[in-house]
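Taking it in order: structure first as structure tokens, then the write-up.
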Number of protein chains: 2
Amino acid sequence: MNQDAEDVDGTDEDAVQQAREEVIQALERSAEVYGLNQSYGRLYGILFFENEPLSLDGLVEESGYAKSTVSTAMQKMNRLHLVHRRSVPGEGKKVFYEAETDFWHVIQKFLQHEVRREIDVMTRALDSAAERLEDADGEQADAYLERVESLRTMYDRSERLLGILTSSSIERLTGLLDRLQRD
Amino acid sequence: MNQDAEDVDGTDEDAVQQAREEVIQALERSAEVYGLNQSYGRLYGILFFENEPLSLDGLVEESGYAKSTVSTAMQKMNRLHLVHRRSVPGEGKKVFYEAETDFWHVIQKFLQHEVRREIDVMTRALDSAAERLEDADGEQADAYLERVESLRTMYDRSERLLGILTSSSIERLTGLLDRLQRD
DNA sequence: CATCATATTCGGTGTATTCCGAATGTTCTG
DNA sequence: CAGAACATTCGGAATACACCGAATATGATG
């Protein structure tokens with residue numbers, strides 16, 4: 001195929017955008033695996049391929065979603081630490097977003113916020129339930145107490161594990177786990 | 001407070017059921033944290049406090065949900081390895097369920113099915129995109145390729161980590177991580 | 001402090017999900 | 001193989017959610 005420079009550029013441009021779209025679609029699917037909306041995957045993907053922070057209007061333009069949709073989606077992704085808000089000097093109050101590319105960091109934040117809270121709530125419930133059951137008599141009470149305590153033990157372990165996971169870099173962890181595997 | 005045996009029994013029974021209900025409600029909340037429906041938390045909780053496998057009708061009776069609701073919920077929880085189906089000898093084809101109490105096992109199964117598939121799909125997309133981008137020219141193509149490769153690197157690391165996590169018992173992992181922390 | 005640019009929130013609409021009761025399958029048993 | 005005892009699937013109603021466009025709030029700037 002002989003094509004002049006102009007034609008080649010056009011073809012390449014298509015291929016480049018197709019490659020980008022392919023990855024973005026995979027990200028849409030991944031988002032759903034982890035219980036997030038498809039649209040989050042796309043918005044994240046758009047940011048991922050951008051080399052500078054992108055404004056809300058930029059995201060609206062590239063995604064085709066309404067501004068209100070993008071605004072709320074970015075708020076939620078920001079809470080999940082999947083994206084960061086940045087202010088750009090000289091651009092007034094305009095907000096810019098960039099993608100967090102370190103997924104381990106995202107997971108750590110999820111662990112130390114959502115999971116931590118879940119563990120706290122459950123732990124309080126288990127303590128309270130155990131107290132009631134200790135005061136009560138009967139085999140039912142004993143049987144329930146045993147279960148509650150075993151769950152309590154499990155949550156205690158989880159809590160310790162959580163502490164370790166949220167305070168170690170991924171390099172340290174993978175290094176350690178590699179050693180583990182070789183044992 | 002002087003109460004005779006009858007009264008004390010009644011009060012204890014109340015307290016015992018209240019303790020159980022308290023934990024079940026915490027489980028309902030936990031289910032929602034991890035993107036599952038409240039009803040799953042309750043059904044799981046009912047099983048958790050049962051000392052023998054419980055039939056579908058038993059779950060219907062204890063939960064108050066319709067049988068169809070319980071049936072589909074249990075199928076889904078079974079897929080997630082949160083509960084197990086058991087057949088009880090002499091009970092014909094009746095299905096019985098019991099709760100899986102080892103949460104690490106549940107997580108491992110999730111990793112080796114859902115996450116593994118997610119990684120595979122993404123990896124294929126990244127390979128295909130990289131191929132297209134290598135064939136193309138221009139700074140856009142170069143910039144995109146760099147991002148695609150970095151994501152690819154991240155997924156490669158995740159894949160190795162996944163292999164380690166899905167093949168180690170929680171005891172081994174916590175033991176190792178405890179050592180890590182002391183370093 | 002008024003105006004402009006921008007982000008957020010609100011109310012409505014269409015779509016997906018949850019749950020129900022009824023209908024249908026499926027498997028064991030006489 | 002007929003019927004009983006189940007589980008599963010189906011269709012529909014109520015509810016929750018995503019998305020939109022319009023209205024409102026917030027912050028920057030002259």
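Reminder, nothing fancy here: chain letters follow the sequence lines and each chain counts from 1.
Here B:Ser68 does not reach the OP1 or OP2 of C:dC19: none of its side-chain N or O atoms lies under 4.0 Å away. A close approach under 4.0 Å does not occur between any side-chain nitrogen or oxygen of B:Thr69 and OP1 or OP2 of C:dT18. Under 4.0 angstrom from either OP1 or OP2 of D:dC19 there lies at least one side-chain N or O belonging to A:Ser39. OP1 and OP2 of D:dA18 both lie 4.0 Å or more from every side-chain N or O belonging to A:Arg42. Contact between the side-chain N/O atoms of A:Gln75 and the OP1/OP2 oxygens of C:dA7 is not found at any separation under 4.0 Å.
Residue A:Lys67 has its side chain nearest to C:dA7 when only C:dA7, C:dC19, D:dC10 are considered. Candidate nucleotides C:dT9, C:dT27, D:dT9 were compared by shortest atom distance to the side chain of B:Lys93, and C:dT27 ranks first.
Following rounding to the nearest Å, B:Asn78 (CG) and D:dA7 (C1') show an atom-to-atom distance of 14 Å. One can place CE of A:Met74 at 17 Å from P of C:dT6, the figure rounded to the nearest angstrom. Summarising the geometry, the separation between CG on B:Leu59 and C1' on D:dC6 is reported as 15 Å, rounded to the nearest angstrom. A straight line from CG of A:Leu56 to P of D:dC20 spans 13 Å, rounded to a whole angstrom. When the P atom of D:dC17 is taken as reference, atom OH of A:Tyr65 falls 18 Å away, rounded to whole Å. Rounded to whole Å, atom C1' of C:dT18 lies 15 Å from atom CD of B:Glu28. Put simply, CZ on B:Arg86 is 16 Å from P on D:dA7, counting in whole angstrom units. Rounded to an integer number of Å, the gap from A:Met77 CE to D:dA18 P is 13 Å.
Between the side chains of A:Glu118 and B:Ser30, at least one donor-acceptor pair of N or O atoms lies under 3.5 Å.
In summary, B:Lys109 and B:Glu100 do not engage in a salt bridge, as defined by a charged side-chain N under 4.0 Å from a carboxylate O. Classification of A:Glu62 and A:Arg20 as a salt-bridged pair holds, one side-chain N sitting under 4.0 Å from a carboxylate O.
In terms of position on DNA chain D, the residue among B:Arg85 and A:Asn37 whose nearest nucleotide sits closer to the 5' end is B:Arg85. Both A:Glu91 and B:Glu91 lie close to DNA chain D; mapped to their nearest nucleotides by heavy-atom distance, the more 5′-ward contact belongs to B:Glu91. Two residues, A:Phe96 and B:Tyr40, neighbour DNA chain C, and the one matched to the more 5' nucleotide by heavy-atom proximity is A:Phe96.
Counting non-hydrogen atoms under 4.0 angstrom, A:Ser55 reaches nothing in the nucleic acid. Within 4.0 Å (heavy atoms only), A:Lys94 reaches sugar-phosphate atoms of the nucleic acid but no base atom.
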| message | Determine whether B:Glu114 and B:Arg79 satisfy the following criterion, side-chain contact (heavy atoms from CB on, under 4.5 Å), listing intermediate values before the conclusion. | response | CA-CA 11 Å; B:Glu114 320 303 315; B:Arg79 255 179 267 128; over 6 Å; no
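Enclosure of atom CD in A:Glu52 is not indicated, since only 12 or fewer non-hydrogen atoms of other residues, nucleotides or ligands lie within 6.0 angstrom.
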